[in-house]
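Below, read A as the first sequence line, B as the second, and so on, with proteins coming before strands; counting in each chain starts at 1.
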Amino acid sequence: MTGPIKISEQHRDFFAMVFEVVKQIPEGRVTSYGAIARYLGMGRSSRMVGWAMNASHSQPEFVPAHRVVNRNGVLTGKHHFASPTAMQALLEEEGIKVVEDQIQNFETYLWDPAKELALD
DNA sequence: TGGGTGACCATAG
DNA sequence: ACTATGGCCACCC
């Protein structure tokens, strides 16, 4: 990994925090909005994570938004991509199989930042 | 000023 | 197993 996030430093900018976490999702892995919210200490405000992702497309740096799905492994955000199939295509490029907007073997690919990223 | 909405989630019945 | 509801909190009329 590229290194843990220093919450205290990023704490002012919610967007930046979310993007930093998303950017650290390894290729071929996925996580959920709620997992990110919990990792950032936002409790149940998982909707805010989704809201933040809305702005991910206009980020100067690449944000792998396609690696963020809901807690069931469903591609709920696919409609916000360039095309309806773009999100699925990106995931399948990374070896993740998607059927009917549902990631197969979701638990296998799940990457929980709270578990995988050590807090400093 | 205030109500509706959302790329969500957990709980209750 | 499935629906309903509340919470979350910033944004947009």
Side-chain angles (χ1 to χ4, degrees):
Chain A
M1 65 169 95
T2 59
I5 304 166
K6 318 264 187 312
I7 296 284
S8 49
E9 285 178 28
Q10 309 263 0
H11 148 44
R12 340 172 170 165
D13 196 336
F14 169 71
F15 276 47
M17 283 169 54
V18 174
F19 295 148
E20 281 306 309
V21 174
V22 175
K23 280 194 241 171
Q24 307 208 35
I25 305 172
E27 222 181 284
R29 305 291 298 279
V30 292
T31 193
S32 72
Y33 305 98
I36 294 173
R38 279 198 309 278
Y39 175 68
L40 295 177
M42 308 190 53
R44 308 175 190 120
S45 316
S46 36
R47 304 183 112 184
M48 300 302 95
V49 176
W51 168 68
M53 297 308 288
N54 239 331
S56 66
H57 63 83
S58 56
Q59 278 297 298
E61 288 194 35
F62 174 64
V63 179
H66 60 283
R67 298 186 191 135
V68 186
V69 296
N70 78 353
R71 82 158 209 101
N72 298 312
V74 177
L75 279 52
T76 50
K78 71 165 189 174
H79 210 273
H80 292 263
F81 283 75
S83 86
T85 55
M87 187 177 187
Q88 173 169 347
L90 285 167
L91 287 170
E92 293 187 328
E93 269 177 34
E94 301 182 359
I96 297 175
K97 175 127 182 163
V98 179
V99 177
E100 300 274 313
D101 297 338
Q102 163 73 54
I103 293 180
Q104 306 298 294
N105 302 315
F106 177 53
E107 293 177 8
T108 305
Y109 303 112
L110 183 55
W111 180 88
D112 185 353
K115 263 200 221 167
E116 313 280 351
L117 285 183
L119 288 160
D120 238 340

Undergrad: Looking at dA10(B), I'd like to know if its phosphate oxygens (OP1 or OP2) sit under 4.0 Å from a side-chain N or O belonging to Arg38(A).
TA: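 Yes, within the criterion.
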
Undergrad: Are the side chain of Glu116(A) and the backbone of Ala114(A) linked by a donor-acceptor contact shorter than 3.5 Å?
TA: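 Side chain of Glu116(A) to backbone of Ala114(A): no pair is present.
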
Undergrad: Looking at Arg71(A), does any N or O in its side chain come under 4.0 Å of the phosphate oxygens OP1/OP2 on dA10(B)?
TA: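 True: Arg71(A) side-chain N/O within range (under 4.0 Å) of dA10(B) OP1/OP2.
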
Undergrad: Among dC9(C), dA7(B), dC8(C), which nucleotide has an atom closest to any side-chain atom of Met48(A)?
TA: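 Of the candidates, dC9(C) comes closest.
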
Undergrad: Without decimals, in angstroms, what is the distance between Tyr33(A) OH and dC8(B) P?
TA: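 Atom-to-atom, Tyr33(A) to dC8(B), this comes out as 6 Å.
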
Undergrad: Rounded to the Å, how far apart are Asn72(A) CG and dC2(C) P?
TA: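 About 12 Å, once rounded to whole Å.
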
Undergrad: Would you indicate, yes or no, if dC8(B) has its OP1 or OP2 atom less than 4.0 angstrom from a side-chain nitrogen or oxygen of Thr76(A)?
TA: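 Indeed, a polar side-chain atom of Thr76(A) lies that close.
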
Undergrad: Determine the interatomic distance between P on dG3(B) and the same-named atom on dG6(C); round to the nearest Å.
TA: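 Straight-line distance between the two P atoms is 16 Å.
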
Undergrad: To the nearest Å, how far apart are Met17(A) CE and dA10(C) C1'?
TA: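 Going from Met17(A) (CE) to dA10(C) (C1'), I get 15 Å.
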
Undergrad: NA contact type, Ala37(A), heavy-atom cut-off 4.0 Å: base, sugar-phosphate, or nothing?
TA: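 No contact.
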
Undergrad: Counting only N and O atoms by type, is there a donor-acceptor contact under 3.5 Å from the side chain of Arg38(A) to the main-chain atoms of Gly43(A)?
TA: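 No, the answer is negative, given that no donor and acceptor are paired below the 3.5 Å cut-off.
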
Undergrad: Could you measure between the two C1' atoms, the one in dA7(B) and the one in dT3(C), and give it in whole Å?
TA: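 It works out to 22 Å between them.
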
Undergrad: Should the ring pair Phe19(A) and Phe15(A) be called parallel, tilted or perpendicular, given that the plane angle runs from 0 to 90° and is split at 30 and 60?
TA: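 Phe19(A) and Phe15(A): perpendicular rings.
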
Undergrad: Which residue, Trp51(A) or Ser46(A), contacts DNA chain C at a nucleotide closer to its 5' end, judged by nearest heavy atom?
TA: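 Going by which nucleotide is closer to the 5' end, it is Ser46(A).
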
Undergrad: Just to be sure I understand the rule, does Asn70(A) reach a base, reach only the sugar-phosphate, or reach nothing, if contact means heavy atoms closer than 4.0 Å?
TA: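 Counting heavy atoms under 4.0 Å across all strands, the contact made by Asn70(A) is with sugar-phosphate only.
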
Undergrad: Calculate the interatomic distance between Tyr39(A) atom OH and dC9(B) atom P; express it in whole Å.
TA: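 Taking OH of Tyr39(A) and P of dC9(B), I get 18 Å after rounding.
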
Undergrad: Tell me: CZ of Arg44(A) to P of dG6(C), nearest whole Å?
TA: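 Interatomic distance, CZ of Arg44(A) to P of dG6(C): 14 Å.
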
Undergrad: Has the side chain of Ser46(A) got a donor or acceptor atom that lies under 3.5 Å from a matching backbone atom of Tyr33(A)?
TA: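 Not at all, since once roles are kept as given, no pair shorter than 3.5 Å links the two residues.
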
Undergrad: Taking atom P of dA7(B) as reference, at what distance in whole Å does atom CZ of Phe15(A) sit?
TA: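 Answer to the nearest Å: 13 Å.
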
Undergrad: Using a heavy-atom cut-off of under 4.0 Å over every strand shown, decide if Ser32(A) touches base, sugar-phosphate, or nothing.
TA: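 Sugar-phosphate: the residue Ser32(A), judged by heavy atoms under 4.0 Å, touches backbone atoms but no base.
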
Undergrad: Take atom P in dA1(C) and the same atom in dC8(B), then report the distance between them in whole Å.
TA: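 Approximately 22 Å lies between the P atom of dA1(C) and that of dC8(B).
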
Undergrad: Out of Ile96(A), Val74(A), Val69(A), which one pairs with Phe106(A) under the side chain to side chain contact (heavy atoms under 4.5 Å, CB included) rule?
TA: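 Single side chain to side chain contact (heavy atoms under 4.5 Å, CB included) partner of Phe106(A) among Ile96(A), Val74(A), Val69(A): Val69(A).
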
Undergrad: How close or far is atom P of dA7(B) from atom CD of Gln102(A), stated in whole angstroms?
TA: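 Checked: the CD to P distance equals 19 Å.
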
Undergrad: The side chain of Phe81(A) is closest to which nucleotide in this list: dC9(B), dA7(B), dA10(C)?
TA: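 The listed nucleotide nearest to Phe81(A)'s side chain is dA7(B).
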
Undergrad: Taking atom P of dA7(B) as reference, at what distance in whole Å does atom CD1 of Ile103(A) sit?
TA: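 Atom-to-atom, Ile103(A) to dA7(B), this comes out as 18 Å.
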
